[in-house]
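A quick write-up on the structure given underneath.
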Amino acid sequence: MVHGPSTRSKVHFVRRLLVATVAATSLVLSGCGSDSAGGGLDNVTVSKAANPKVKVDKGFTATKTTTRIVSPGSGLALASGDAIKVNYVAINGRTGKEFDNSFTSDKPLTLTLSETSVLPGFVKGLKGKKVGSRVLVAIPPKDGFGRAEPDLGMKKDDTMVFLFDVVAKVPTAAAGKPKDLPKDLPKLVLNSDSEPSKFERTSSTAAKKDRESADVVIEGDGPAITLGQTLSVHYLGQIYPSGKIFDSSWARKAPSSFQLAEGQLIKCWTDELVGKKVGSRVVLVCPADVAYGKEGSGDNIQPGDTLIFSIDLLDAS
């Protein structure tokens with residue numbers, strides 16, 4: 001996100017790195033000097049416990065991202081651009097030690113299978129796999145961080161091994177019969193794919209809004225959102241009432257994930273999205289005092305600008 005609501009998009013350091021880095025094959029085992037034709041992952045063991053233990057021999061290295069399906073799922077196949085929920089265990093191949101585990105917190109990670117959103121190895125390893133699958137993925141440095149991450153104990157050339165449980169696909173848009181916005185708000189215009197594309201001023205649109213508001217135009221049937229959850233959303237952000245579009249996940253063809261927490265998002269989002277139901281489409285009007293104030297943001301959001309957003313609340317965890 002360039003100039004949207006996020007000021008610091010992740011709270012948990014490991015998850016921030018895993019999902020915010022923009023950046024049958026062969027393995028090389030340490031000291032072997034030749035590819036092992038998948039034998040490396042074949043030697044990785046996974047326990048059947050609720051919090052699975054993954055055993056990787058020290059000195060594990062990979063030349064290409066490769067996968068092994070531990071147990072196949074029967075759900076929909078994953079495609080590029082899909083937003084998905086996964087549980088995972090992450091192992092440093094050099095040390096054989098675990099450096100992250102979502103099973104322990106019982107909070108699956110929501111991510112988008114796009115190399116502009118996550119590590120390339122995630123996309124290569126999970127694309128085509130089915131919901132319900134348990135998958136091992138070996139990720140070489142070129143498809144991983146590509147740099148040292150001292151806080152994780154990772155060196156520049158370390159290979160990572162991930163065990164993924166593919167929990168679900170996240171819906172691509174809010175679904176349901178839309179309600180009309182109040183007459184003093186701009187009209188939300190949809191494109192030919194029924195995706196929000198812009199807000200358009202009408203004869204009754206207020207010239208300026210200095211009051212924060214939230215209007216649910218599609219009511220979802222999911223659980224109510226709470227503060228602190230990580231949201232997967234599609235959104236459109238525009239200068240109120242019919243000014244420049246400064247950001248759109250729809251245009252990028254990939255949902256975005258944000259933690260709904262003070263200091264992570266503009267105040268308007270944390271004020272108004274708490275209590276809204278997953279599956280809803282919400283239109284927020286955010287005056288400057290609950291958006292970017294007297295400073296503005298970047299080249300497009302000027303000091304004092306009121307913003308308007310259309311937000312599809314796809315998932316919360």
Checking the side chain of [X] only, and the main-chain atoms of [Y] only, is there a donor and an acceptor separated by less than 3.5 Å?
{"X": "Ser47", "Y": "Lys53", "value": "yes"}
{"X": "Lys129", "Y": "Gly125", "value": "yes"}
{"X": "Ser280", "Y": "Gly220", "value": "yes"}
{"X": "Ser232", "Y": "Asp315", "value": "no"}
{"X": "Gln302", "Y": "Asp299", "value": "yes"}
{"X": "Asp312", "Y": "Ala173", "value": "no"}
{"X": "Arg68", "Y": "Leu41", "value": "yes"}
{"X": "Ser204", "Y": "Lys183", "value": "yes"}

Do [X] and [Y] come close enough that some side-chain heavy atom pair is under 4.5 Å?
{"X": "Lys130", "Y": "Val166", "value": "no"}
{"X": "Ser242", "Y": "Pro186", "value": "no"}
{"X": "Met154", "Y": "Leu152", "value": "yes"}
{"X": "Thr205", "Y": "Asp184", "value": "no"}
{"X": "Ile139", "Y": "Thr159", "value": "no"}
{"X": "Leu284", "Y": "Ser213", "value": "no"}
{"X": "Val170", "Y": "Ile84", "value": "no"}
{"X": "Thr230", "Y": "Leu260", "value": "no"}

Exercise for review: Start with the C-alpha gap between Lys198 and Gln238, add the side-chain angles, then the distance that decides, and say whether side-chain contact (heavy atoms from CB on, under 4.5 Å) holds.
Suggested key: CA-CA 7 Å; Lys198 64 178 179 179; Gln238 184 172 322; 3.8 Å; yes

Exercise for review: May I ask you to check whether Phe199 and Tyr240 place their ring centres under 6.0 Å from each other?
Suggested key: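 That pair fails the under 6.0 Å test.
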
Check your understanding: What about the rings of Phe103 and Tyr88, do their centers lie closer together than 6.0 Å?
Key ->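 Judged by ring-centre distance (under 6.0 Å), Phe103 and Tyr88 do not meet the cut-off.
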
Is it possible for you to say whether [X] and [Y] belong to one hydrophobic cluster, with membership spreading through side-chain heavy-atom contacts below 4.5 Å?
{"X": "Val216", "Y": "Leu181", "result": "no"}
{"X": "Leu314", "Y": "Leu109", "result": "no"}
{"X": "Leu185", "Y": "Val282", "result": "no"}
{"X": "Leu126", "Y": "Val167", "result": "no"}
{"X": "Val274", "Y": "Ile311", "result": "yes"}

Kindly give the heavy-atom pair with the smallest separation between [X] and [Y], and that separation in Å.
{"X": "Gln264", "Y": "Gln259", "answer": "CB-O, 3.6 Å"}
{"X": "Gly153", "Y": "Arg94", "answer": "O-NH2, 3.0 Å"}
{"X": "Ala316", "Y": "Leu231", "answer": "CB-CD2, 3.7 Å"}
{"X": "Leu236", "Y": "Ser248", "answer": "CD1-CB, 4.1 Å"}
{"X": "Asn87", "Y": "Pro108", "answer": "OD1-CA, 3.5 Å"}
{"X": "Gly304", "Y": "Lys208", "answer": "O-NZ, 3.9 Å"}

Review point. In terms of the angle between their ring planes, are Phe258 and Trp269 parallel, tilted or perpendicular, with boundaries placed at 30° and 60°?
Key: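 Ring orientation of Phe258 relative to Trp269: perpendicular.
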
Check your understanding: Once the angle between the rings of Phe162 and Phe99 is folded into 0 to 90°, is it parallel (under 30°), tilted (30 to 60°) or perpendicular (over 60°)?
Key ->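 Judged by the thresholds at 30° and 60°, the geometry between Phe162 and Phe99 is perpendicular.
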
Which distance, rounded to the nearest 0.5 Å, do you find between the [atom1] of [X] and the [atom2] of [Y]?
{"X": "Lys209", "Y": "Thr306", "atom1": "NZ", "atom2": "OG1", "answer": "10.0 Å"}
{"X": "Leu313", "Y": "Ile218", "atom1": "CG", "atom2": "CD1", "answer": "11.0 Å"}
{"X": "Ile301", "Y": "Lys244", "atom1": "CD1", "atom2": "NZ", "answer": "11.0 Å"}
{"X": "Lys85", "Y": "Ser317", "atom1": "NZ", "atom2": "OG", "answer": "4.5 Å"}
{"X": "Met160", "Y": "Phe60", "atom1": "CE", "atom2": "CZ", "answer": "12.0 Å"}
{"X": "Asp215", "Y": "Arg281", "atom1": "CG", "atom2": "CZ", "answer": "13.5 Å"}

Check your understanding: Knowing that exactly one of Asp165, Thr104, Val46, Asn101 qualifies, which makes a side chain to side chain contact (heavy atoms under 4.5 Å, CB included) with Val89?
Key ->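 Going through the options one by one, the only one that passes is Asn101.
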
Are [X] and [Y] linked by a side-chain donor-acceptor pair shorter than 3.5 Å?
{"X": "Thr112", "Y": "Ser114", "value": "no"}
{"X": "Asn43", "Y": "Asp57", "value": "no"}
{"X": "Asp247", "Y": "Tyr235", "value": "yes"}

Exercise for review: Show your reasoning for whether side-chain contact (heavy atoms from CB on, under 4.5 Å) applies to Glu195 and Lys253.
Suggested key: CA-CA 10 Å; Glu195 300 168 348; Lys253 305 296 183 184; 3.9 Å; yes

Exercise for review: Let me see the working for Val118 and Val123 under side-chain contact (heavy atoms from CB on, under 4.5 Å), right down to the final yes or no.
Suggested key: CA-CA 7 Å; Val118 295; Val123 182; 3.7 Å; yes

**Study point:** Within 6.0 angstrom of Asp221 CG, more than 12 heavy atoms from elsewhere
**Key:**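 Open.
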
**Study point:** Candidate pair Lys124 and Glu115, rule side-chain contact (heavy atoms from CB on, under 4.5 Å), full reasoning
**Key:** CA-CA 9 Å; Lys124 294 177 181 180; Glu115 291 191 14; 4.0 Å; yes

